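Before I ask anything, let me first share the structure, which is written out below as structure tokens.
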Amino acid sequence: MADYDLVIRNGTMATAADAVRADIGIKQGRIVALGASLAKGAREIDASGKLVLPGGIDSHCHVEQKSSMGHMTADDFFTGTRSAACGGTTTIIPFAAQHRGMSLRQVVKDYHDCAGPKAAIDYAFHLIISDPTEQVLGQELPALIRDGYTSFKIYMTYDALKLDDRQILDVLALARREGALVMVHAENHDVIAWLSDKLLLKGHTAPKFHGVAHAALAEREATHRAITLAELIDVPMLIVHVSGREAIEQIRWAQDRGLRIYAETCPQYLFLTADDMDKPGFEGAKCMCSPPPRDKANQEYVWRGLENGTFQVFSSDHAPYRYEGPDGKLMHGAATTFKKVANGVPGLELRLPLLFAAGVGTGRLDLTQFVALTATTPARLYGLYPRKGTIAIGADADIAIWDAEKEVTISQSMLHDAMDYTPYEGTRIKGWPVMTLSRGEVVAENGEFKGARGRGRFLKCDISPAARPLGRSVTGFDPETGTYKRG
Ligand code: URP
Ligand code: ZN
Ligand code: ZN
């Protein structure tokens with residue numbers, strides 16, 4: 001009788017803490033032993049010369065979600081999770097998105113109905129709160145937080161989603177009371193709307209003007225305002241998809257003040273620039289997202305933020321809208337304006353290989369930083385640790401085996417999503433996840449999906465401090481009375 005169901009042998013295993021040579025023993029989908037020369041497994045994988053890393057956690061992706069403008073994402077829970085698995089990701093945290101007038105409970109049920117029969121890897125949900133009514137804040141949200149939906153995104157822009165400052169304060173006060181984490185899309189709505197109107201009046205309709213309308217200063221102002229509101233309520237906050245210097249400086253300032261401000265960035269801010277939105281014809285639409293890619297100097301700021309710990313999370317913000325087709329970027333033909341183009345770019349499958357190649361491969365990031373940014377810290381911040389996001393005894397055997405030497409030229413034809421383009425077409429990278437295991441089962445191998453539709457399980461997120469160490473109150477503010485208890 002074998003001691004283990006599976007042993008991954010002879011690899012270099014890395015966590016957010018260190019990289020060591022170790023075998024991994026797996027039983028019933030969990031890691032049960034780590035060490036040198038483990039006893040035999042019923043199945044053995046030889047990882048000689050390979051890196052053995054925790055499977056990635058993509059904690060910001062839009063799957064089977066209707067955008068604020070009514071566009072449906074190309075990926076459903078099957079194609080999205082298949083694509084994630086082939087890129088070394090073993091857990092996704094997409095959004096259950098409330099549109100105005102909807103009951104949050106019903107929204108969550110609808111997303112479960114979509115995900116349950118289709119997801120091929122495990123998943124949790126963030127909520128999107130666009131309608132913080134008394135019913136939502138007083139009843140639905142507290143109950144949902146206790147049921148394992150412990151983080152929610154709010155928007156400071158988009159007509160159909162944006163909250164005003166007073167609503168944001170209400171949401172933050174509730175998050176503080178219930179121990180939830182608020183994620184913020186920080187762009188100043190009126191600045192964007194005003195600039196957009198001016199541009200359109202002058203006939204500036206092409207995709208590149210999206211980058212002008214979504215000015216870095218609009219992102220900076222909203223980032224600062226969001227931080228200020230979080231400081232007032234004395235609550236942690238995570239600023240999502242940060243694009244460059246202006247916002248980074250605000251985040252750094254807040255972190256230096258000791259505020260619990262966390263930050264996320266994404267591949268598009270390292271690999272794309274505003275020039276990519278100025279490609280011939282309407283092709284620039286393929287690189288349109290919000291906030292938009294900036295310039296080379298801003299890319300460098302984002303890199304430095306990853307290196308120096310300003311960013312805790314690297315996710316894809318996978319928002320897949322096909323170029324062609326009824327909901328695509330070309331929806332109204334090339335005569336459309338940048339205002340009508342669905343915002344977002346795909347990235348579930350390429351998030352890890354892109355960061356690995358340009359970060360670990362160049363020496364800008366070490367392996368432990370790579371693991372922390374892409375798996376361990378998202379697991380901690382969102383309450384999935386230590387079951388997910390690390391290689392440890394008792395953790396789920398969610399593992400990606402990497403060939404650091406494998407060279408790949410990216411093309412859409414090799415990817416497993418439902419898209420008709422990748423903004424990274426033709427990019428040559430080194431380092432690729434050659435095998436992905438989810439709870440000990442091989443779900444992807446050498447670019448081929450090996451998993452099954454519907455095998456993914458829903459994960460409840462935990463708000464206990466052991467699972468999610470978000471730190472303590474900084475100022476002692478009491479949002480119920482508006483007074484400070486200490487400090
Ligand atoms: O352009 C983007 N980022 N689209 C996805 C929606 C969002 O705001 O994250
Ligand atoms: Zn956003
Ligand atoms: Zn997003």
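What you see is a predicted model; the values in this text were computed from it and never measured.
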Result for side chain to side chain contact (heavy atoms under 4.5 Å, CB included) between Leu384 and one of Asp396, Ile93, Thr390 points to Ile93
Heavy atoms from other residues, nucleotides or ligands near CZ of Arg457 exceed 12 (cutoff 6.0 Å): no
### Query
In terms of the angle between their ring planes, are Tyr158 and Tyr155 parallel, tilted or perpendicular, with boundaries placed at 30° and 60°?
tilted
For Pro378 and Gln312, the nearest pair of non-hydrogen atoms, with its separation, is CD-O, 4.4 Å
- Where does the angle between the aromatic ring planes of Phe95 and His62 fall among parallel (under 30°), tilted (30 to 60°) and perpendicular (over 60°)? parallel
The side-chain hydrogen bond (donor to acceptor under 3.5 Å, both in side chains) partners of Arg455 (sequence neighbours excluded) come to Ser438, Glu441
query: Please walk me through it: do Tyr149 and Phe458 pass ring pair (Phe, Tyr, Trp, His ring centres under 6.0 Å)?
result: CA-CA 11 Å; Tyr149 308 87; Phe458 170 63; 5.4 Å; yes
Applied to residues 159-171, the salt bridge (charged side-chain N to carboxylate O under 4.0 Å, His left out) test, sequence neighbours excluded, yields Asp165-Arg225
Applied to residues 258-274, the salt bridge (charged side-chain N to carboxylate O under 4.0 Å, His left out) test, sequence neighbours excluded, yields Asp234-Arg260
Applied to residues 75-88, the side-chain hydrogen bond (donor to acceptor under 3.5 Å, both in side chains) test, sequence neighbours excluded, yields Asp75-Thr79, Asp75-His318, Asp76-Thr79, Ser83-Glu349
Is the distance from the ring center of His112 to that of Phe125 below 6.0 Å? yes
Query - Residue Lys27 excluded, over 12 heavy atoms near NZ under 6.0 Å - result: no
Across all chains, not counting sequence neighbours, the salt bridge (Lys or Arg N to Asp or Glu O under 4.0 Å) partners of Arg146 are Glu178
With Ile261 as partner, the option from Thr310, Asp256, Ile251, Leu238 fulfilling side chain to side chain contact (heavy atoms under 4.5 Å, CB included) is Ile251
I'd like to know if Arg364 and Glu300 make a salt bridge, using a cut-off of under 4.0 Å between side-chain N and carboxylate O.
yes
Quick test of your reading of the model: are Arg294 and Glu246 salt-bridged, counting only N-O distances below 4.0 Å?
no
Hey, are the side chains of Asp417 and Leu348 touching, using non-hydrogen atoms and a 4.5 Å cut-off? no
Residue set satisfying ring pair (Phe, Tyr, Trp, His ring centres under 6.0 Å) with His224, at least two apart, ordered chain then number -> Trp253
